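Just below is one structure, and these are the notes that go with it.
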Amino acid sequence: MDATTEGSGQEAQVRDLLREARDFADRVIAPRAEGWDRENAFDTDTLREAAALGWFGLQVPRDRGGMGLPFSAKSQLVEILAGADFGFALSLVNTMNIGYKLARDAPHLAERYLPDLLSGRRLASTALTEPGAGTDFGAIVTTATRDGESWVLDGGKAWIINAAASDVILAYAQTEPGSRGAGIAAFLIDGQRAGFLRRAPFALSGQHSIGVGGFELKGYRAAADEMVQAPGQAFRYALNDINGARTYVAAMCCGMVEAALRIASAYGRRRETFGRRLVEHQGWRWALGDADVDLAAARALVRAAEARVDAGVEARHEAARAKIFATRMAERHLPALGQLMGAEGLSARYPFGRHMLGAKISGLVDGSSEILLEGLAMRFAKDAG
C-alpha cells in the first residue's frame, strides 16, 4: 500500500468516526446531559458506551489494539461531542490521553493497563494540579522519595478531571524539593493500591459530567518501572502535551457554539412574533451571522494548531491563539445566541446554560487565558529589548 492509498484510507476512517460521533452526540449524550447536571452525576456507563466504539484507543497504535489515528481526529471528535455536553467530552478525552501516553512512553505499562483502559473498565486522569499549585506547574509539592528500588509518594491533588472514578492516573511529583521543573517526574498511580485515598467529587455549579475531584497519596509505593517520565523530562513532556490539550479545548468551544447556532437558527425559523418568523427580522439574523464569522475564524486557528501537532512540530503559539480566541468567542456568542430565543433559551431542554459554564471552564483549564496572553505578549517585550 503506497502513502497516497494509506492516507486516503485514513481520511475515510476519520470521516466515518466523525459521522459516528455526531450520531452518538445526538442520540446518546444530548438526551442524558440535562439529567447529569440535575442529578450532579458522573455517568461512567455512558463513557463505557463510548469505549465500546473504540474511542479510548483513538491515538493508540493498531498493534496495541487502538485505531492509530492522528491527534486532529481526536480534536475533531471531542469538538462534536462537546456540542452535546462539554463535560462529557473533556472526561472522555482525558482517559484517551493516558492510553496514548502509556503506549508512547511506557510500553511495559501499556501491556498491563491498556486492555482495561480501551474497554472502559477503568478510567484515567492526568494529575498535575494541587490545592496550592495550578498554572505554576513548578510549584507542586507532592513528593516522590527514593526507597530502595521503589519510590514513595506523598501529597494531594485537586481539580483533577475524572477523579470521581478514575484509578489509572499519571501523577506528577517532585523528586528534589526546591528544584522546580528539573526535579519533577511523572508516575503511573494505580488507584486500587494501598496509599491512594480518593476524595469526594467536587460540588460545582454544573458540568458534573467532568467528574472533577481530588485524591491524597499517603505512603503510596511506586515501582521503579512505574516512573513514566524521569525528572526534568516530565516537565518538558507536560509543557509539550499541553499544546494539544489547549487545541482540543478550543475545538470544543467551537463545537458548543456550532450547536447553539444550529438550535437558535432552527428556533427562529419556527417561532413567530409580530406576524413574522424571528428569522425574518434583520436584527435577529445579524446575531447569527456575527456568530458564524467568529466561529469560522476560531475553527481556522484550531485547524492550524491541529496540523502542527499532527506534524510533531512546535505548536505553543498556535495552540495559545486558538484557545484564547475560541474561549472568548464562546463566552461572547453563547449568551447572545441564547438571548435570541428569549426566555425559551433558559429552558434546561436546551444546552445554553451548560455550554456557558463549559466556556468558562475552558478559560481556566490547561492555562488560563491571562497566562496564555502573557506568554504570547512576552515575545514582543523580548524583541523590544
Side-chain angles (χ1 to χ4, degrees), residues 1 5-33 36 42-126 161-162 165-170 188 209-211 241 244-245 247-249 251-252 255 306 309-310:
M1 180 182 294
T5 304
E6 184 177 2
S8 61
Q10 187 176 87
E11 289 172 4
Q13 188 180 3
V14 172
R15 285 196 299 272
D16 289 343
L17 169 78
L18 300 183
R19 189 179 306 114
E20 187 176 51
R22 292 185 190 95
D23 174 72
F24 190 85
D26 292 340
R27 180 176 51 83
V28 179
I29 301 175
R32 300 177 187 179
W36 296 338
F42 180 53
D43 186 353
T44 57
D45 289 339
T46 304
L47 287 167
R48 292 189 181 96
E49 288 182 47
L53 298 172
W55 294 350
F56 282 172
L58 188 146
Q59 281 187 283
V60 173
R62 293 185 182 183
D63 61 4
R64 290 197 172 273
M67 302 174 75
L69 294 177
F71 167 83
S72 56
K74 176 173 74 174
S75 181
Q76 292 169 48
L77 170 76
V78 296
E79 175 178 338
I80 291 169
L81 300 183
D85 188 71
F86 173 87
F88 181 89
L90 194 57
S91 169
L92 179 85
V93 78
N94 271 264
T95 291
M96 294 167 71
N97 289 344
I98 297 303
Y100 170 62
K101 289 176 184 179
L102 291 182
R104 180 190 69 184
D105 302 333
H108 60 291
L109 295 175
E111 289 182 11
R112 193 183 312 166
Y113 290 101
L114 260 183
D116 281 345
L117 290 175
L118 298 187
S119 68
R121 288 189 296 270
R122 300 179 74 170
L123 300 177
S125 297
T126 298
I161 296 165
N162 287 344
S166 60
D167 58 10
V168 180
I169 300 167
L170 187 68
L188 189 72
S209 52
I210 203 172
D241 287 343
T247 301
Y248 63 62
V249 168
M252 291 162 67
E306 288 172 353
V309 176
D310 276 354

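Below, all heavy atoms of this structure are taken into account, side chains as well, without hydrogens, waters or symmetry copies. Keep in mind it's a predicted model, so treat the numbers as computed, not measured.
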Residues Arg27, Asp23: salt bridge by 4.0 Å N-O rule: yes
Using a strict cut-off of less than 4.0 Å between a Lys/Arg side-chain nitrogen and an Asp/Glu carboxylate oxygen, indicate whether Asp241 and Arg104 qualify as a salt bridge. yes
For the pair [X] (side chain) and [Y] (backbone), establish whether a donor and an acceptor sit closer than 3.5 Å, ignoring hydrogens and angles.
X      : Y      : result
Asp85  : Ile29  : no
Asn162 : Gly211 : no
Arg48  : Gly120 : yes

Any chance you could measure [X], atom [atom1], to [Y], atom [atom2], to the nearest 0.5 Å?
X      : Y      : atom1 : atom2 : answer
Arg32  : Phe88  : CZ    : CZ    : 8.5 Å
Leu92  : Leu123 : CG    : CG    : 9.5 Å
Thr247 : Glu79  : OG1   : CD    : 12.0 Å
Leu58  : Met96  : CG    : CE    : 4.5 Å
Arg112 : Leu117 : CZ    : CG    : 12.5 Å
Ile98  : Leu170 : CD1   : CG    : 4.5 Å

Give the C-alpha distance, both sets of side-chain angles, the deciding distance and a yes or no for side chain to side chain contact (heavy atoms under 4.5 Å, CB included) between Phe56 and Thr95. CA-CA 7 Å; Phe56 282 172; Thr95 291; 3.8 Å; yes
Please find the pair of heavy atoms, one from [X] and one from [Y], that lie closest to each other, and give the distance.
X      : Y      : value
Ser91  : Ser209 : CB-O, 3.5 Å
Gly244 : Val309 : CA-CG2, 4.4 Å
Leu18  : Ala73  : CD2-O, 4.4 Å
Met67  : Gln13  : O-NE2, 3.8 Å
Gly66  : Leu118 : N-CD1, 4.5 Å
Ala103 : Pro61  : CB-CD, 3.9 Å

Test log, rule side chain to side chain contact (heavy atoms under 4.5 Å, CB included), inputs Asn94 and Ser125: CA-CA 6 Å; Asn94 271 264; Ser125 297; 5.9 Å; no
Which one of Gln10, Glu306, Gln76, Gln59 satisfies the side chain to side chain contact (heavy atoms under 4.5 Å, CB included) criterion with Pro70?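 For Pro70, the side chain to side chain contact (heavy atoms under 4.5 Å, CB included) check succeeds only for Gln10.
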Can you name the one residue among Ile80, Leu53, Leu77 that meets side chain to side chain contact (heavy atoms under 4.5 Å, CB included) with Leu17? Leu77
Do Tyr248 and Asn97 have side-chain N/O donor and acceptor atoms under 3.5 Å apart? yes
Taking the side chain as every heavy atom from C-beta outward, state whether Pro107 and Arg64 have any pair of such atoms under 4.5 Å apart. yes
For Tyr113, ring-ring contact (aromatic ring centres under 6.0 Å, His included) partners two or more places apart: none
Side chain to side chain contact (heavy atoms under 4.5 Å, CB included) for Asp116 and Val168? Distances and angles first, verdict last. CA-CA 10 Å; Asp116 281 345; Val168 180; over 6 Å; no
Check the pair Val60 / Leu114 against side chain to side chain contact (heavy atoms under 4.5 Å, CB included), numbers first and verdict last. CA-CA 9 Å; Val60 173; Leu114 260 183; 4.0 Å; yes
On the 0 to 90° scale, with breaks at 30° and 60°, tag the Phe24-Trp55 ring pair as parallel, tilted or perpendicular.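 Because their plane-to-plane angle is over 60°, the rings of Phe24 and Trp55 count as perpendicular.
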